[in-house]
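The block underneath contains the structure these notes are about, expressed in structure tokens.
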Amino acid sequence: MKDKTLITIDHLCKAFGDHVVLRDISTTIREGEVVAIIGPSGCGKSTFLRSLNLLERPTSGHILFEGTDITSPEININKMRERIGMVFQQFNLFPNMTIRRNIMLAPVTLGKLSRQEAAATADHLLQRVGLADKADAWPDSLSGGQRQRVAIARALAMNPDVMLFDEPTSALDPEMVGEVLQIMRDLAHSGMTMVVVTHEMSFARDVASRVLFFNGGVIEEEGKPEDIFCHPRSERLKSFLKR
Ligand code: ADP
Ligand code: MG
């Protein structure tokens, strides 16, 4: 049983001007955990997720990645980010590159893999996300669900220690949500550490090891899926789940 803390969030606060978005959040992400983040729109879920790789800089507080304080000014944040994969609502594939080249780009540019290794990795990952036949296709020829599966493969090509997902299925047509969630389930079962902001309550219930309910910039309630979905304590969580 793995019990190693990967990320420590220590009294994290974030404000945009005088708009306070995150108010004193502390929690840890352990290796192999799948943490689902749920909560109403505008409560700070994306800001929290983006803080984990410093796409947003904390106003105060610290983020420790394997014990190293990444908010410290001496840290090479780009090196740190190589270990943190991120998948957004919008897939952001490069339209002028084939699918294989999209996946090869980061590891080759950052000198992590040779072109040959990166091509082999891309083909292996495409097989894993069920798109082995699309390596030479262009992004425009793919459906939204297929593009998001490529975006997941692209993030995995850097062999990250943790994968962050920000509502990866929210921009998809309903009939494509299932194929993306299935890839994420497979990834979770492979032991990947994942932090997933999602509106897919069935995914959070079935796949997450822990659920964080965000509300008004704080973690209002936190627990195992069964606690959160079957025995919610706070009135706000109860009314959120009724929607
Ligand atoms: P969620 O993902 O839960 O919907 P967000 O983290 O995106 O919430 O946003 C939380 C609040 O922070 C919102 O009120 C949003 O308008 C505000 N916000 C997010 N990013 C910025 C930014 N770059 N500048 C100013 N305000 C922002
Ligand atoms: Mg968001």
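Every value quoted in this text rests on a predicted model; they were computed, and no experiment measured them. Position 1 is the first residue of the sequence; numbering continues from there. In each ligand, atom 1 is the first atom listed, and ligand 1 is the first ligand listed.
- Other residues, nucleotides and ligands contribute at most 12 non-hydrogen atoms within 6.0 Å of the NZ atom of K224.
- Among all non-hydrogen protein atoms, the one lying nearest atom 19 (C) of ligand 1 is F16 CE1, 3.5 Å.
- K14 forms a cation-pi arrangement with F16, by the criterion of a distance under 6.0 Å to the ring centre and an angle within 45° of the ring axis.
- Nearest protein neighbour of atom 9 (O) of ligand 1, counting heavy atoms only, is T47 OG1, 3.9 Å.
- Heavy-atom contacts of S41 reach the following atoms of ligand 1: 4 (O) (cutoff under 4.0 Å).
- For atom 8 (O) of ligand 1, the closest non-hydrogen atom on the protein side is G44 N, 3.2 Å.
- Counting protein heavy atoms only, atom 16 (O) of ligand 1 is closest to H19 CE1, 4.5 Å.
- Contact annotation: G42 has at least one heavy atom less than 4.0 Å from an atom of ligand 1.
- Residues D136 and T98 have side chains that never bring a donor and an acceptor to within less than 3.5 angstrom of each other.
- For atom 24 (N) of ligand 1, the nearest protein heavy atom is under 4.0 Å away.
- Between V21 and ligand 1, no N or O atom pair is found at a separation short of 3.5 Å.
- Atom CD1 of I9 and atom CD1 of I25 lie 8.5 Å apart (nearest 0.5 Å).
- The backbone N or O of G217 sits nowhere less than 3.5 Å from a side-chain atom of R23 that would complete a donor-acceptor pair.
- Here the heavy atom of the protein found nearest to atom 7 (O) of ligand 1 is S46 CB, 3.6 Å.
- L110 CG to N78 CG: the interatomic distance, rounded to the nearest 0.5 Å, is 8.0 Å.
- Among the backbone and side-chain atoms of S46, an N, O or S atom lies under 2.8 Å from the Mg ion (ligand 2).
- A donor-acceptor contact closer than 3.5 angstrom links the side chains of T71 and D69.
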